[in-house]
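See below for the structure under consideration.
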Amino acid sequence: MSLRLESHTPSVSGVRRFGPVQRWVHRTTAALMGICVLTAAFLYVPELAELVGRRALVVRVHEWAGLALPVPVLAGLFSRYFRADLGHLNRFGPHDRIWLRAALRRDKRRSSRPAAKFNAGQKIYAAWIAGASLVMLGTGLIMWFTHLTPIMWRTSATFVHDWLALTIGIVLAGHIGMALGDPEARSGLRTGQVSREWAEREHPLWRP
């Protein structure tokens, strides 16, 4: 896929939310993360482990999918539009604190949850999943190359890797559940387009 050109001209019927690079990074990362979670389930859940005839193959698929997980994001950095979205995700403003307070109070009024291109919940999720993925990669490498580290490191890495994997599974389930509840947000990631009404309602501070 070419990462060179990307049009951000709004269409007549809607607003351009994501270009091809952002959508490709999201889909590829989601696929790799799904492979990691699925293979982990077959390795650690006894009922599923019994269904696997070639456990060594599942281990190898899990390891290589984990190693490849950062690749889509690294490739996306060649796009200035993707870098711009990372900048949006990494910046917290006063409106984000208002959004978080409303979320903690379970205040679902749109007027009490101001958001720019990404709301505060999406920013926190992106930061958390990025950090968790790096920890999983580091602990996974320690578990893979057992001869490079002392046994105490490997034992600690296994403990962190296993429990963080469970946490990631729970958080991903919540992320998918929220996505299922917002068809237009999913459409934005699938087609790159959202309606202007949705953009003004859900992200009133965003100026495409």
Side-chain angles (χ1 to χ4, degrees), residues 17-18 20-49 51-52 55 57-77 82 85-86 88-90 92 96 99-100 103-104 106 108 113 115 117-144 157-192 194 198 202-203:
R17 181 158 174 80
F18 297 114
V21 173
Q22 293 98 314
R23 302 201 306 274
W24 176 82
V25 170
H26 184 270
R27 290 172 184 172
T28 310
T29 302
L32 290 170
M33 182 67 77
I35 292 172
C36 288
V37 171
L38 185 62
T39 51
F42 275 94
L43 290 172
Y44 289 102
V45 178
E47 292 78 9
L48 295 176
L51 302 176
V52 180
R55 181 180 175 85
L57 177 61
V58 177
V59 171
R60 288 293 171 263
V61 171
H62 182 79
E63 291 170 342
W64 284 106
L67 281 177
L69 197 56
V71 172
V73 173
L74 294 176
L77 292 176
F82 181 75
D85 274 355
L86 289 182
H88 289 304
L89 284 168
N90 287 330
F92 260 74
D96 293 310
W99 192 99
L100 286 174
L104 291 174
R106 299 181 182 277
K108 297 184 178 181
R113 296 194 181 193
K117 184 169 187 179
F118 302 102
N119 63 45
Q122 291 167 331
K123 293 178 180 180
I124 291 174
Y125 169 78
W128 187 87
I129 199 68
S133 298
L134 290 176
V135 173
M136 293 294 285
L137 177 61
T139 54
L141 289 172
I142 292 174
M143 295 163 61
W144 192 356
T158 302
F159 178 84
V160 172
H161 196 87
D162 291 352
W163 281 101
L164 186 55
L166 178 61
T167 306
I168 288 175
I170 295 172
V171 173
L172 283 177
H175 177 68
I176 294 170
M178 295 189 71
L180 291 175
D182 194 341
E184 187 141 13
R186 296 200 312 274
S187 176
L189 277 169
R190 187 176 65 255
T191 68
V194 294
W198 181 89
E202 299 292 336
H203 300 270

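For this chain, numbers begin at 1 and follow the sequence in order. Keep in mind that what you see is a predicted model, and the values were worked out from it rather than measured.
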Report the C-alpha distance between I142 and T158 in whole Å, list the side-chain angles of each, state the deciding distance to 0.1 Å, and finish with yes or no for side chain to side chain contact (heavy atoms under 4.5 Å, CB included). CA-CA 9 Å; I142 292 174; T158 302; over 6 Å; no
Do the non-hydrogen side-chain atoms of [X] and [Y] ever get within less than 4.5 Å of each other?
X	Y	value
L67	L137	yes
T29	V71	no
H161	M143	yes
D96	N119	no
F18	K117	yes
E202	R113	no

Taking all non-hydrogen atoms of both residues, which atom of L189 and which atom of R27 are closest, and how far apart? O-NH2, 3.8 Å
Of all the heavy-atom pairs spanning T28 and P72, show the shortest one and how long it is. CG2-CG, 3.6 Å
Chi angles and distances behind the side chain to side chain contact (heavy atoms under 4.5 Å, CB included) call for T167, W128: CA-CA 11 Å; T167 306; W128 187 87; 3.6 Å; yes
Evaluate the criterion side chain to side chain contact (heavy atoms under 4.5 Å, CB included) for residue pair D182 and W198; output intermediate values, then yes/no. CA-CA 10 Å; D182 194 341; W198 181 89; 3.3 Å; yes
Value rounded to 0.5 Å, distance of [atom1] in [X] from [atom2] in [Y]:
X	Y	atom1	atom2	value
L164	M136	CG	CE	5.5 Å
I168	I129	CD1	CD1	5.0 Å
Q122	L89	CD	CG	8.0 Å

With sequence neighbours excluded, tell me which residues meet ring-ring contact (aromatic ring centres under 6.0 Å, His included) with W64. W144
Does the side chain to side chain contact (heavy atoms under 4.5 Å, CB included) test come out yes or no for K123 and H88, once each step is laid out? CA-CA 8 Å; K123 293 178 180 180; H88 289 304; 5.7 Å; no
Test: R17 cationic atom under 6.0 Å from F118 six-membered ring centre, within 45° of axis: yes
Run the side chain to side chain donor-acceptor pair (under 3.5 Å) test against H203 and tell me which residues pass, sequence neighbours left out. none
Side chains of residues 30-45: which donor-acceptor pairs under 3.5 Å do they make with residues two or more places apart or in other chains?
unit_1, atom_1, unit_2, atom_2, d
T39, OG1, I35, O, 2.7
T39, OG1, C36, O, 3.1
T39, OG1, H62, ND1, 2.8
Y44, OH, D162, OD1, 3.2

So for atom CZ, which belongs to F92, do other residues, nucleotides or ligands contribute more than 12 heavy atoms lying within a distance under 6.0 Å?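 For F92, atom CZ is crowded (more than 12 foreign heavy atoms under 6.0 Å).
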